[in-house]
> 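I have a structure here, written as structure tokens, and I will follow up with some questions on it.
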Amino acid sequence: MLEHQDPPLAELVAGTDEDVWRFTKTLSSERALAYAREWIRDADPGVRDVGFVALGSVALNYPPALAELLDHADAGCSDADMGVRAAVAQALGNQSGEQRCAPFLLRLLNDADIEVRRIAIGGLPIVLDDPTADHHAVTALVGLLADHEPTLRDWAAFALGSQLDVDSPQSRAGLRSLLSEPDTTEAYPAAEAAVGLARRADPAVFTAIADRLTRPDPSSLWLRAAAELADPRLLPALVQLRAPDNEPDDPWVEQLDHAIARCTGASTDA
């Protein structure tokens, strides 16, 4: 039995994921894995949570830890505690290009908790390796574009539109179906869908972008969509958004200037 002394386990349970990641970096991979292996079996869900966070961190650069994560992913996905399942989803979703994680993330797309589902959606594009349009994970993401929860529609649109380069009539139709949705402070599926369609030069997105640029305070995502589409017809609306008090180092202003430059360049090319 390992002694939890460096630092006390209670400190990690009460802390953040960043605290756990920093802790694993202070140890050899072998020792960090030994801690994680013990913690994921603990009776306390807070300890299991820390264990899976640690395991996911070590697995990034240590194959034995990845094997351990995959071996215990099934049990983690079934854990009664939402925090543990979220930690499992995050640990799996951080494993770039590791397609063996995908089946577990797909399972977590049906989790009872919205946050677990959101993390699983965000992780799928990371573990997939250039999937085809008919890949079952892509099909699942397309289906999530019609989810009843706006936050999940938002993340599915981001996954399909920006994280993946896959293109199909089904994915485009799903993204187009979101263009008329309202953006809120919690979710902006329409803006994410617009970015994805603009990246694919979909002609249907022009009207949606042009409309949003004429509304008060369009978000930076709509400016990014305009930049991706690079349609010179958007220039008047973009220029109209400039104001004398614009701060050059403001991220929104930088995105506006980028969109103007892209549309100006397209105009010059034409």
Side-chain angles (χ1 to χ4, degrees), residues 1-96 98-127 137 140 144 147-149 151-152 154-156 159 186-187:
M1 175 74 70
L2 286 169
E3 296 181 4
H4 311 308
Q5 295 179 345
D6 38 9
L9 178 59
E11 184 177 325
L12 293 177
V13 172
T16 65
D17 287 357
E18 288 81 2
D19 296 326
V20 179
W21 296 332
R22 281 193 294 269
F23 172 62
T24 63
K25 300 305 179 187
T26 67
L27 306 173
S28 68
S29 296
E30 293 85 352
R31 186 164 176 77
L33 174 56
Y35 276 109
R37 183 183 288 123
E38 178 181 342
W39 292 342
I40 62 175
R41 294 174 170 85
D42 199 275
D44 185 337
V47 177
R48 295 198 301 277
D49 184 331
V50 167
F52 276 108
V53 173
L55 190 56
S57 173
V58 183
L60 293 173
N61 300 297
Y62 190 51
L66 176 60
E68 190 84 14
L69 175 60
L70 292 170
D71 284 346
H72 291 87
D74 183 67
C77 290
S78 301
D79 199 282
D81 186 80
M82 180 279 289
V84 175
R85 299 196 306 277
V88 173
Q90 192 69 66
L92 292 165
N94 284 341
Q95 309 306 315
S96 180
E98 184 48 70
Q99 298 191 70
R100 289 178 294 175
C101 296
F104 301 108
L105 291 170
L106 282 167
R107 176 176 165 186
L108 290 172
L109 291 182
N110 297 312
D111 194 88
D113 187 85
I114 290 175
E115 181 62 11
V116 174
R117 295 173 66 195
R118 182 197 66 76
I119 296 172
I121 292 170
L124 266 176
I126 294 172
V127 304
L144 283 163
D147 193 274
H148 71 279
E149 171 56 46
T151 303
L152 300 185
D154 178 333
W155 276 86
E186 291 79 24

> Are Phe52 and Asp79 close enough that some pair of their side-chain heavy atoms sits under 4.5 Å apart?
no
> Can you tell me how far the CD1 atom of Ile121 sits from the CG atom of Leu108, to the nearest 0.5 Å?
11.0 Å
> Enumerate, atom names and distances included, each donor-acceptor pair closer than 3.5 Å involving a side-chain atom of residues 68-78, sequence neighbours excluded.
| residue | atom | partner | partner atom | Å |
| --- | --- | --- | --- | --- |
| Glu68 | OE1 | Arg37 | NE | 3.4 |
| Glu68 | OE2 | Arg37 | NE | 3.4 |
| His72 | ND1 | Glu68 | O | 3.0 |
| His72 | NE2 | Arg41 | NH2 | 3.1 |
| Asp74 | OD1 | Arg107 | NH1 | 2.5 |
| Ser78 | OG | Asp74 | O | 3.3 |
| Ser78 | OG | Arg107 | NH2 | 2.3 |

> Under 3.5 Å, side chain of Glu38 to main-chain N/O of Ala34, donor-acceptor pair present?
no
> Might you work through the side chain to side chain contact (heavy atoms under 4.5 Å, CB included) test for Val47 and Leu9, ending with a clear yes or no?
CA-CA 8 Å; Val47 177; Leu9 178 59; 3.8 Å; yes
> To the nearest 0.5 Å, how far apart are CD in Glu149 and CG in Leu144?
11.5 Å
> Taking all heavy atoms of Leu105 and all of Ala89, pick out the closest pair and write down the distance.
CD2-O, 3.6 Å
> Determine, stepwise, if the pair Leu66 / Arg100 fulfils side chain to side chain contact (heavy atoms under 4.5 Å, CB included).
CA-CA 10 Å; Leu66 176 60; Arg100 289 178 294 175; 3.6 Å; yes
> Does the side chain of Val50 reach to within under 4.5 Å of the side chain of Tyr35, using non-hydrogen atoms?
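Answer no - side chains too far apart.
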> Taking all heavy atoms of Ala140 and all of Leu109, pick out the closest pair and write down the distance.
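Taking every non-hydrogen atom into account, CB-CD1, 3.9 Å.
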> Roughly how far, to the nearest 0.5 Å, is CG of Leu27 from CG of Leu33?
11.0 Å
> Can you tell me how far CD1 of Ile119 sits from CD of Gln90, rounded to the nearest 0.5 angstrom?
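Between Gln90 CD and Ile119 CD1, I get 5.0 Å after rounding to 0.5 Å.
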> Going by atom type alone, with no hydrogens or angles, which donor-acceptor pairs under 3.5 Å involve a side-chain atom of residues 54-65 and a protein atom two or more places apart or on another chain?
| residue | atom | partner | partner atom | Å |
| --- | --- | --- | --- | --- |
| Ser57 | OG | Thr24 | OG1 | 3.0 |

> Starting from the C-alpha separation in whole Å, work towards a yes-or-no answer on side-chain hydrogen bond (donor to acceptor under 3.5 Å, both in side chains) for Thr16 and Asp19.
CA-CA 5 Å; Thr16 65; Asp19 296 326; 3.2 Å; yes
> State, to 0.1 Å, how close Val127 and Cys101 come at their nearest heavy-atom pair, and which atoms those are.
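Nearest pair, atom of Val127 first, then Cys101: CG1-CB, 4.0 Å.
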> Can you tell me which residue pairs pass the salt bridge (Lys or Arg N to Asp or Glu O under 4.0 Å) test with a partner in residues 83-92, sequence neighbours excluded?
Arg85-Asp111
> Minimum heavy-atom separation for Leu124 to Ala137, with atom names?
CD2-CB, 4.1 Å
> Working note: Val88 + Phe104, criterion side chain to side chain contact (heavy atoms under 4.5 Å, CB included); need CA distance, chi angles, decisive distance, verdict.
CA-CA 9 Å; Val88 173; Phe104 301 108; over 6 Å; no
> Using the rule given for side chain to side chain contact (heavy atoms under 4.5 Å, CB included), can you reason through Arg118 versus Leu152, listing the C-alpha separation, both sets of side-chain angles and the distance that settles it, and then say yes or no?
CA-CA 6 Å; Arg118 182 197 66 76; Leu152 300 185; 3.8 Å; yes
> Any donor and acceptor pair, going by atom type alone, linking the side chain of Arg48 with main-chain N or O of Asp42 inside 3.5 Å?
yes
> Decide, yes or no, whether a salt bridge links Arg117 with Asp147 under the criterion of side-chain N to carboxylate O below 4.0 Å.
yes
